[in-house]
Amino acid sequence: MWTIAIVDDDRQVLSGMSRLIPWEQLGVRPVGEALDGEEGLRLIEATQPDIVITDIYMPVMNGLDMIEQLRKQQYAGKIIILSGYSDFDYARKALRLQVDDYLPKPASPTTIREVLQRVTRELAERRALEHREQEIQTQLMQYEPYLEREWVKSALTGGTPSPLTDPSRMLERLGWKNAQFMMLALEIKRQGRMEGISVRDWHLFRFAVGNTVEELAGQDGLRSYFLELHSHHMALLLYKPLSWPTEAFRSEVLALAGRINSSVHRFLKVKLHIGAGLRKDDWLAIPDSTEEAFQALAERREPDVAFPSVYVYNEGGFRHSAARSVRPVRFFQEMTDAVRTFDEPRALLALDDFFRRDNGAAQLQPEELTAIGTQLFAILSFTLYESGIRLDDELPLTDLTKELDQMEDALQWKAWVAEKVKRICSRYTPNENLKHKETVDYIIQYIHEHYAENIHLQDLADQVYISKNYLSTLFRQFTGETFGDYLTRVRMEKAKRMVLEKKLLIAEIAERVGYRNVPYFTTLFKKHTGRSPTEFHKA
C-alpha cells in the first residue's frame, strides 16, 4: 500500500482532499498533514511517504522551497503540486525540481483519481524495476567468484577480460596495486599413482594439490592466487609490495616452489614439475611471466643450481627470436575453452588470433611449431578425457606427432591444426549431456571452494535453476557418487592434510572442514582413512 502526505495552509483543502481521495480503491493511505513547508518537511523526513501532495504558496516556507530541500536530501518519492496559481515562474521552477504532476484548485474527484492512479502506476513500475535490478545484483554476487576467476585467468594468460568486471576494483580487491609479481607453472605428472585414475579422483587430486600449494604460500607470508588452467596444468601467481627487496622476493618464490614439490610428493605421492617466470613490477606484465614459466616447464633444461626442483626461465632458452613474442599459454587456454564445448568457430578464431596478434607465430621454426602442436593436443586430450571422451581413439597422439614432424612451415601447420579441430568438433557435437556436464563441473568447483560451509544441494539447485532431485541424479551420473558422498570426500582430503601438518586440534580441524560434531567427524574420518584422526596423526 502506498502512503501519502498532504501539505497545505488551508484546513478546508486538507479536509476536502482527505474526503475526495478514494483511499481503498487506489490502495493508498495517509501518513499525516502539514500547514506549511517547514512543518511538511519535518513530516516527510519522519514518515518518508511515497507521494507528497503540496500547495505552492504557504507561510514560513513555500511549497517550492520545501521541494527543493527534499531534492537536496535525495527524496525519491512522487511529488504532486496542488495550486490555483498559474504563474509561469512557479511552473518553470516546478519543472526544474522534477515535479511529477499537478492538481488544480479546486480538484474534482475524477481528476484526483486519474492523477493518483497515474502516479501509483509509475511507483509500481519503478518498484518492479528496482526489484528486478536487485535480483540481477544478487545473481551477479553469486557468480562474482566465477567472474573474478575468469578475470584473473585473462590477466594471467593475456586474454581479453570480461566487460562485466571493473579492472580498478579487481586490482584493489586482489591487492595487485603497487606490487611485484612472479609466476610458477605447475604440471601434474600422470605417472605412478596418477595412471588410470577416474575423472572423479582426478578432480580430488587437483583439489588436494591446490590446497597444499595455497597453504604453503600463505605460510611464507607471500600473497598468492592459485588457478587451474587446463587439466594437468596450474598457475600460481605470487606477489609482494614493490618495496620488498627484489632478490629476496625471487628467492622466497623459488624456495616455496621447492617446498611445494616435496610436500605434494610426500603427502599425496604425486610428482610435480614446476617452472618459474621472471619477476615483474607491473600487473600488466604478468602474462609475460606466465609464458616464461611455462616455457621453462616445457623445455626442462637444467634446474636452478640453488633450487634444483625448479626449472627457471632463461632468455637463452629460446631457439628462435620470433618465439619471444608468442603466447602459447593464452593460445592453449583459448583453444581448450573452445574445444571443451566443441565450438568450432571459436576454436578457429583462436587459431587465427594466435597468428595475427602475436606477430611471431607465423615465423616460428618447424621444431618450435611441432613442440607447440604436441603440447596443444596433449592438453586437449586431457581436457576431453574429463568429459568422458578419449581423444586417442580418434586422433592417437603418436600419429599426431608423426604428422607434426612433417610440417614444413607455419601455414601448413596452421591448416593442419584447423583440420584436426574441425574433425574433433564435428565428431563430438554439443548436446544436452554437455550442458549437464558443465552444470556438474560448476557444482564440483563450488564444493571445492565452499567445503567448510553448510552446503545444501537445494541451494545449489536454485543457483543453476534445476530441481534438487534432477541435479542429484545428474551429479551421480557424471561423478559416480552422490553429492553428499563427494562433499564428504573433499572434506576428508582437506582434513587429512591438516592432520598431517600437526598444527591444529582435532576439534579445530573438524570445524574447519564443516563439522560441528567432533565425534561424527571422527567416525567419518576413520571410515575414509581406516584410522581415527589421532591414529592418522601418529602414523
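Between Glu292 and Asp288, some side-chain heavy-atom pair lies under the 4.5 Å cut-off. Residues Glu511 and Glu508 form no side-chain contact, since every pair of their non-hydrogen atoms from C-beta on lies 4.5 Å or further apart. Met183 is listed as a side-chain neighbour of Leu156, based on a closest heavy-atom distance under 4.5 Å. Residues Thr370 and Asp405 form a side-chain contact, since some pair of their non-hydrogen atoms from C-beta on lies under 4.5 Å apart. With a 4.5 Å cut-off on side-chain heavy atoms, Phe331 and Leu351 count as touching. Within the 4.5 Å cutoff, the side chain of Trp176 has heavy atoms near those of the Leu237 side chain. A heavy-atom distance below 4.5 Å is found between the side chains of Gln180 and Arg279.
Listed by chain and residue number, Thr482 satisfy the side-chain contact (heavy atoms from CB on, under 4.5 Å) test with Arg476 (two or more places apart in sequence, or in another chain). Judged as a side chain to side chain donor-acceptor pair (under 3.5 Å), and not counting sequence neighbours, Gln412 has no contacts. Taking His456 as the reference, Asn454 meet the side chain to side chain donor-acceptor pair (under 3.5 Å) condition, with sequence neighbours excluded.
Atom CD1 of Ile286 sits about 11.0 Å away from atom NZ of Lys280, to the nearest 0.5 Å. In this structure, CD in Glu228 is found 6.0 Å from CD in Gln445, a value given to the nearest 0.5 Å. Rounded to the nearest 0.5 Å, atoms CD1 (Ile447) and CD (Glu449) are 11.0 Å apart.
Here the two rings, on Phe377 and Trp416, have centers that are under 6.0 Å apart. Under the 6.0 Å cut-off for aromatic ring centres, His233 and Phe332 do not qualify, their centroids lying 6.0 Å or more apart. Two rings, from Trp283 and Tyr239, have their centers 6.0 Å or more apart.
In terms of heavy atoms, Gly275 sits closest to Ala296 at CA-CB, 4.4 Å. Closest approach of Val417 to Met335, counting heavy atoms only: CG1-CE, 4.3 Å. Across Tyr451 and His448, no two heavy atoms sit closer than the pair CD2-O, 3.3 Å. The nearest pair of heavy atoms linking Val264 to Leu272 is CG2-CD1, 3.8 Å. Of all heavy-atom pairs spanning Arg126 and Ala76, the tightest one is NH2-O, 2.8 Å. The heavy-atom pair separating Lys420 from Leu400 by the smallest distance is CE-CD2, 4.1 Å.
Of the residues listed (Leu236, Leu278, Leu254), the one engaging Met182 in a side chain to side chain contact (heavy atoms under 4.5 Å, CB included) is Leu254, and it is the only one.
Between Glu493 and Lys496 there is a salt bridge, since at least one side-chain N of the basic residue sits less than 4.0 Å from a carboxylate O of the acidic one. Between Glu344 and Lys422 there is no salt bridge, since no side-chain N of the basic residue sits under 4.0 Å from a carboxylate O of the acidic one. For Arg250 and Glu247, the salt-bridge test passes: some basic side-chain N is under 4.0 Å from an acidic carboxylate O.
Between Phe525 and Phe521, the ring planes are tilted. Angles from 30° to 60° get that label. Between Phe475 and Tyr486, the ring planes are perpendicular. Angles over 60° get that label, and only those under 30° would be called parallel. By the 30° and 60° cut-offs, the orientation of the rings of Trp413 relative to Phe354 is tilted.
Other residues, nucleotides and ligands contribute only 12 or fewer heavy atoms inside 6.0 Å of the CD atom of Glu408.
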